[in-house]
Amino acid sequence: MRYIRNNSTDVYFNMAFDEYALEQLPLDEPLFYLWQNRPAVIIGINQNIHTEVDLDYAREHDIAVARRITGGGAVYHDLGNLNYSFISDSDGIDNAALERFSKPIIRALAKLGVTAETSGRNDIQIDGHKVSGTAQRKFKNRILHHGTLLFDSDFSMLSGALQVDEEKIKAKLEEAGA
């Protein structure tokens, strides 16, 4: 696996880099890179920005808003959030490849003394709490799988910037047994 160093914290560059890496970089072996964004809300390719993001709050707090090329829900990023991307041949993989790409993340966390597990369709949890969401995109014979790892995000900014559906919160709490 080839590691690419990405020191950018510019959300627009990082979203463009994911797309460029998926569609243009030579792929003689799988790619992996870590990255962070300055405060930003990133919405999925099919989401309605007006129902997912408090745009006034984002403007007032200098939170960038960007759209990614993958599906999934809106996420808040800041420097207390580490993001990761894998790009590899799809090898006939369908969009249920969570386990293939989450295992290395879970092993890395275990080496740091953190016990994590996959949950649901695209989450990684620690002690029943979601710390990572993931999303994927296929392009020709390639797949991009990227995700988040919350470790020290500003939750007041997160909750201010995102407009989360109350029913979704209730469902997540019930799922976690809370």
Side-chain angles (χ1 to χ4, degrees), residues 3-22 31-47 49 51-55 57-87 98 101-137 144-165 168-169 172-173 175-176:
Y3 175 72
I4 298 174
R5 187 173 183 161
N6 178 1
N7 291 325
S8 172
T9 59
D10 181 293
V11 65
Y12 306 111
F13 174 88
N14 290 334
M15 294 299 97
F17 185 74
D18 258 356
E19 185 172 8
Y20 175 80
L22 175 64
L31 304 175
F32 174 74
Y33 46 98
L34 299 169
W35 45 284
Q36 290 180 294
N37 288 322
R38 69 175 183 85
V41 172
I42 297 85
I43 63 171
I45 194 167
N46 298 311
Q47 288 187 294
I49 192 172
T51 60
E52 301 291 332
V53 182
D54 183 330
L55 293 171
Y57 185 94
R59 268 190 293 280
E60 289 168 17
H61 293 87
D62 195 29
I63 299 171
V65 179
R67 186 177 299 277
R68 64 181 180 271
I69 63 170
T70 58
V75 292
Y76 173 80
H77 290 183
D78 61 19
L79 297 179
N81 178 70
L82 182 63
N83 306 294
Y84 57 90
S85 295
F86 291 95
I87 297 175
L98 170 67
F101 297 106
S102 295
K103 278 185 178 181
I105 302 301
I106 289 170
R107 283 194 305 268
L109 290 170
K111 287 182 180 180
L112 297 172
V114 178
T115 303
E117 62 188 3
T118 57
S119 172
R121 198 170 50 128
N122 60 349
D123 297 342
I124 295 176
Q125 291 187 344
I126 297 172
D127 295 329
H129 301 284
K130 180 178 176 177
V131 296
S132 176
T134 65
Q136 296 181 159
R137 170 141 185 158
L144 161 67
H145 177 97
H146 57 188
T148 61
L149 279 171
L150 291 172
F151 64 91
D152 192 26
S153 284
D154 184 335
F155 285 99
S156 65
M157 295 285 270
L158 182 153
S159 61
L162 296 178
Q163 297 184 143
V164 182
D165 179 3
K168 193 174 186 179
I169 292 173
K172 288 287 183 185
L173 288 172
E175 199 176 282

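Source: prediction; values computed, not measured.
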Pair [X], [Y]: side-chain N/O donor-acceptor within cut-off below 3.5 Å:
{"X": "Glu52", "Y": "Gln47", "result": "yes"}
{"X": "Ser153", "Y": "Asn81", "result": "no"}
{"X": "Ser8", "Y": "Trp35", "result": "no"}

Decide yes or no for [X] and [Y]: does some side-chain heavy atom of the first lie under 4.5 Å from some side-chain heavy atom of the second?
{"X": "Leu34", "Y": "Asn6", "value": "no"}
{"X": "Phe101", "Y": "Thr134", "value": "no"}
{"X": "Asp123", "Y": "Lys130", "value": "yes"}
{"X": "Asp18", "Y": "Tyr33", "value": "yes"}
{"X": "Tyr84", "Y": "Ile105", "value": "yes"}
{"X": "Leu109", "Y": "Leu149", "value": "yes"}
{"X": "Gln36", "Y": "Leu82", "value": "yes"}

What distance do [X] atom [atom1] and [Y] atom [atom2] have between them, rounded to the nearest 0.5 Å?
{"X": "Arg38", "Y": "Leu79", "atom1": "CZ", "atom2": "CG", "result": "10.0 Å"}
{"X": "Ile49", "Y": "Ile43", "atom1": "CD1", "atom2": "CD1", "result": "4.5 Å"}
{"X": "Leu144", "Y": "His146", "atom1": "CG", "atom2": "NE2", "result": "5.0 Å"}
{"X": "Arg137", "Y": "Arg68", "atom1": "CZ", "atom2": "CZ", "result": "12.0 Å"}
{"X": "Arg107", "Y": "Ser102", "atom1": "CZ", "atom2": "OG", "result": "10.5 Å"}
{"X": "Leu150", "Y": "Ser132", "atom1": "CG", "atom2": "OG", "result": "8.0 Å"}

Carefully, step by step, assess Met15 and Ile42 under the rule side chain to side chain contact (heavy atoms under 4.5 Å, CB included). CA-CA 9 Å; Met15 294 299 97; Ile42 297 85; 3.7 Å; yes

So, the side chain of [X] versus the backbone of [Y]: is there a donor-acceptor pair under 3.5 Å, distance only?
{"X": "Tyr12", "Y": "Val65", "value": "yes"}
{"X": "Asn37", "Y": "Ala40", "value": "no"}
{"X": "Ser159", "Y": "Ser156", "value": "yes"}

For the student: nearest non-hydrogen atoms of [X] and [Y], plus distance:
{"X": "Leu162", "Y": "Ala74", "value": "CD2-CB, 3.8 Å"}
{"X": "Ile45", "Y": "Arg67", "value": "O-NH1, 3.1 Å"}
{"X": "Ile106", "Y": "Ala116", "value": "CG2-O, 3.4 Å"}
{"X": "Met157", "Y": "Ile63", "value": "CE-CD1, 3.8 Å"}
{"X": "Gly71", "Y": "Ala135", "value": "O-CB, 3.5 Å"}

Under the criterion side chain to side chain contact (heavy atoms under 4.5 Å, CB included), I'd like the reasoning laid out for Ile4 against Phe17: C-alpha separation, chi angles, the key distance, then a yes or no. CA-CA 11 Å; Ile4 298 174; Phe17 185 74; 4.0 Å; yes

Tell me whether the rings of Phe86 and His145 are parallel (<30°), tilted (30 to 60°) or perpendicular (>60°).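 Judged by the thresholds at 30° and 60°, the geometry between Phe86 and His145 is tilted.
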
Of Val41, Val11, Thr148, the one forming a side chain to side chain contact (heavy atoms under 4.5 Å, CB included) with His77 is Thr148

